[in-house]
Visitor: 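Take a look at the following structure, please.
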Amino acid sequence: MAGTPGEAEEQVLSPSLSTNSENLPLEPSLGWPSMEAVTAPEVASGPTLKVKEASPADAEEPQTSPRRGASSPIPQLLAPLEEQPKIWLPRALRQTYIRKVGDTVNLRIPFQGKPKPRATWTHNSCALDASRVSVRNGEQDSILFIREAQRADSGRYQLSVQLGGLEATATIDLLVIERPGPPQSIKLVDVWDSNATLEWTPPQDTGNAALLGYTVQKADTKSGLWFTVLERYHRTSFTVSNLIIGNSYAFRVFAENQCGLSETAPITADLAHIQKAVTVYKTKGFAQRDFSEAPKFTQPLVNCTTVTGYDTQLFCCVRASPKPKIVWLKNNMDIQGNPKYRALTHLGICSLEIRKPGPFDGGIYTCKAVNPLGEASVDCRVDVTSKGRTHAFGCSHFLSPQVKKLGQRHKPRWKRA
């Protein structure tokens with residue numbers, strides 16, 4: 001159909017081509033809107049579609065040209081856009097997505113757009129490796145699947161959704177990590193008292209992740225058991241304290257990242273021997289106290305009167321060092337060995353027992369204490385009466401309870417002949 005000058009040139013398209021109200025052309029391969037020009041020859045009568053001559057400046061709103069000539073632009077067929085392309089990136093993928101080596105990576109990214117947009121993936125701005133990565137594009141989402149992730153799969157993945165001349169992109173950072181390697185070496189620097197200083201070097205392989213620190217362990221040669229001394233320590237030197245004196249210790253260090261500790265750890269070649277320090281004690285000189293003392297009576301003998309036939313005891317107390325020799329005298333006559341008398345000495349208490357005294361047993365009794373430093377003596381008068389009741393002063397009847405008790409303890413048990 002020929003056009004006339006000043007009027008919009010119209011062409012009739014075949015019913016096999018889709019038409020829309022926005023006059024956008026269709027892409028022959030996908031049936032999607034495209035900005036590429038499509039030539040439409042004259043056809044017989046049928047559904048009609050107005051096609052306006054498009055120019056580069058009229059890409060958004062095509063207009064008709066008044067005349068079609070040899071140098072006029074090619075007519076463009078515009079398709080309708082019901083929804084613009086847009087990607088709904090999950091919140092968990094907006095930051096670095098971390099997986100371990102051997103894990104499955106299954107990323108499902110929803111998007112929108114009508115007609116169905118075209119979705120493509122790239123890895124570090126390059127095409128995907130089809131032998132390792134699988135992609136499935138649906139009507140409203142795109143799935144990227146890796147069966148067993150490797151460290152080489154780490155990088156930046158970009159999803160591009162195109163619809164006509166519009167495009168939406170989303171970027172996903174994938175990080176595949178594994179356990180770090182062990183520290184390269186460890187050595188025992190110094191040992192003193194109950195402390196040991198260690199040094200080591202960082203591992204060559206960090207497992208494609210930042211190190212969280214080092215774990216230091218110790219083991220004594222007696223038990224051979226490993227105990228953790230320190231966890232997530234960031235420096236490469238450490239001093240282990242509070243080691244048991246007399247034991248020998250070995251040490252090892254693990255590196256740690258998000259996957260855990262390294263599989264192996266270097267062990268110190270030398271053992272740390274914790275030896276007991278030799279301590280020399282110097283005593284200060286001091287003058288030893290001299291307890292030597294000449295005899296001295298602290299409790300003298302007391303005069304007493306006794307009754308004939310009743311046993312009588314005499315008591316006195318003496319203090320001396322060294323222990324003195326006690327001698328009993330009667331009227332200045334030694335009575336040692338006389339069976340009528342019994343002399344006892346215990347803890348400085350001297351006692352003399354007169355068995356059944358008679359009228360001739362009265363007199364002056366003397367107790368003498370002798371040691372290398374000197375001698376001392378005390379005496380008393382003993383009267384023997386035949387009256388029924390007498391006032392005995394100083395005898396055992398009027399002695400203190402302590403002295404009487406001590407005398408009772410050493411009182412002999414005489415038997416009648």
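Here the structure is a predicted model, which means the values were calculated and not measured. Residue numbers count from 1 along this sequence.
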Visitor: Phe297: what forms a ring pair (Phe, Tyr, Trp, His ring centres under 6.0 Å) with it, not counting sequence neighbours?
Guide: none

Visitor: So does Arg147 get a backbone contact from the side chain of Thr104, meaning a donor-acceptor N/O pair under 3.5 Å?
Guide: yes

Visitor: Assess the pair Tyr233 and Phe238: is the distance between their ring centroids shorter than 6.0 Å?
Guide: yes

Visitor: Return the set of residues passing side-chain hydrogen bond (donor to acceptor under 3.5 Å, both in side chains) with Asp173 (not counting sequence neighbours), or none when no residue passes.
Guide: Arg156

Visitor: Rounded to the nearest 0.5 Å, how far does OG of Ser351 lie from CG of Leu314?
Guide: 9.0 Å

Visitor: Quick check: are there more than 12 heavy atoms from other residues, nucleotides or ligands sitting under 6.0 Å from CD of Gln84?
Guide: no

Visitor: Within the distance-only criterion (no hydrogens, no angle test), does the side chain of Asp103 pair as donor or acceptor with the backbone N or O of Lys100 below 3.5 angstrom?
Guide: yes

Visitor: Which residues satisfy the side chain to side chain contact (heavy atoms under 4.5 Å, CB included) test with Lys86, sequence neighbours excluded?
Guide: Trp88, Gln112

Visitor: With a 3.5 Å distance limit and no angle check, can you tell me whether Asn257 reaches the backbone of Glu178 through a side-chain donor-acceptor pair?
Guide: yes

Visitor: Residues two or more places apart in sequence or in another chain: which of them pass side-chain hydrogen bond (donor to acceptor under 3.5 Å, both in side chains) with Lys222?
Guide: Asn247

Visitor: Report the residues that fulfil side-chain hydrogen bond (donor to acceptor under 3.5 Å, both in side chains) with Asn106, sequence neighbours left out, ordered by chain and then residue number.
Guide: none

Visitor: Quick check on Glu167: does its CD atom have over 12 non-hydrogen neighbours (other residues, nucleotides or ligands) under 6.0 Å away?
Guide: yes

Visitor: Run through Val378, Thr366, Val382 and flag the one making a side chain to side chain contact (heavy atoms under 4.5 Å, CB included) with Leu301.
Guide: Val378

Visitor: Show your reasoning for whether side-chain hydrogen bond (donor to acceptor under 3.5 Å, both in side chains) applies to Ser241 and Asn195.
Guide: CA-CA 4 Å; Ser241 304; Asn195 308 303; 3.2 Å; yes

Visitor: Under the salt bridge (Lys or Arg N to Asp or Glu O under 4.0 Å) test, which residues partner Asp220, sequence neighbours left out?
Guide: none

Visitor: More than 12 heavy atoms of other residues, nucleotides or ligands under 6.0 Å from NZ of Lys368: is that the case?
Guide: no

Visitor: Indicate the atoms forming the closest heavy-atom contact of Tyr214 with Arg235, along with that distance.
Guide: CD1-O, 3.6 Å

Visitor: Taking the six-membered ring for Trp and the full ring for Phe, Tyr or His, determine whether the centres of Trp328 and Tyr365 are under 6.0 Å apart.
Guide: no

Visitor: More than 12 non-hydrogen atoms from neighbouring residues, nucleotides or ligands closer than 6.0 Å to CG on Asn124, yes or no?
Guide: yes

Visitor: Return each pair, listed once, that meets side chain to side chain donor-acceptor pair (under 3.5 Å) where at least one residue sits in residues 291-301; pairs must be two or more places apart or across chains.
Guide: Asp290-Ser292, Glu293-Arg319

Visitor: Under the salt bridge (Lys or Arg N to Asp or Glu O under 4.0 Å) rule, what pairs show up with a residue in residues 251-269, not counting sequence neighbours?
Guide: Arg232-Glu256

Visitor: Sorted by first residue and then second, give each side chain to side chain donor-acceptor pair (under 3.5 Å) pair with at least one member in residues 201-213; sequence neighbours left out.
Guide: Arg151-Asp205, Ser154-Asn208, Ser185-Thr201

Visitor: Return the minimal non-hydrogen interatomic distance between Ile244 and Ile274, and the atom names on each side.
Guide: O-CB, 3.5 Å

Visitor: Can you list, pair by pair, the side-chain donor-acceptor contacts under 3.5 Å of residues 264-271, counting residues two or more places apart and other chains?
Guide:
| unit_1 | atom_1 | unit_2 | atom_2 | d |
| --- | --- | --- | --- | --- |
| Thr268 | OG1 | Phe251 | N | 3.2 |
| Thr268 | OG1 | Asp270 | O | 3.3 |

Visitor: Tell me if the CD atom of Gln184 is crowded by more than 12 foreign heavy atoms within 6.0 Å.
Guide: yes

Visitor: If you look only at pairs with a residue in residues 138-186, which of them pass as a ring pair (Phe, Tyr, Trp, His ring centres under 6.0 Å), with sequence neighbours excluded?
Guide: His123-Tyr157

Visitor: Once side-chain hydrogen bond (donor to acceptor under 3.5 Å, both in side chains) is applied, do any residues pair with Ser321, and if so which ones, sequence neighbours excluded?
Guide: none

Visitor: May I ask you to check whether Ser125 and Gln158 show a side-chain donor-acceptor distance below 3.5 Å?
Guide: no

Visitor: Compare every heavy atom of Leu188 with every heavy atom of Ala196, then report the nearest pair and how far apart it is.
Guide: CB-CD1, 4.0 Å

Visitor: Could you please spell out the steps behind the side-chain hydrogen bond (donor to acceptor under 3.5 Å, both in side chains) verdict for Glu199 and Thr236?
Guide: CA-CA 6 Å; Glu199 285 186 358; Thr236 56; over 6 Å; no

Visitor: What do the steps show when you test Arg355 against Asp311 for salt bridge (Lys or Arg N to Asp or Glu O under 4.0 Å), and what is the final call?
Guide: CA-CA 5 Å; Arg355 188 179 66 133; Asp311 295 346; over 6 Å; no

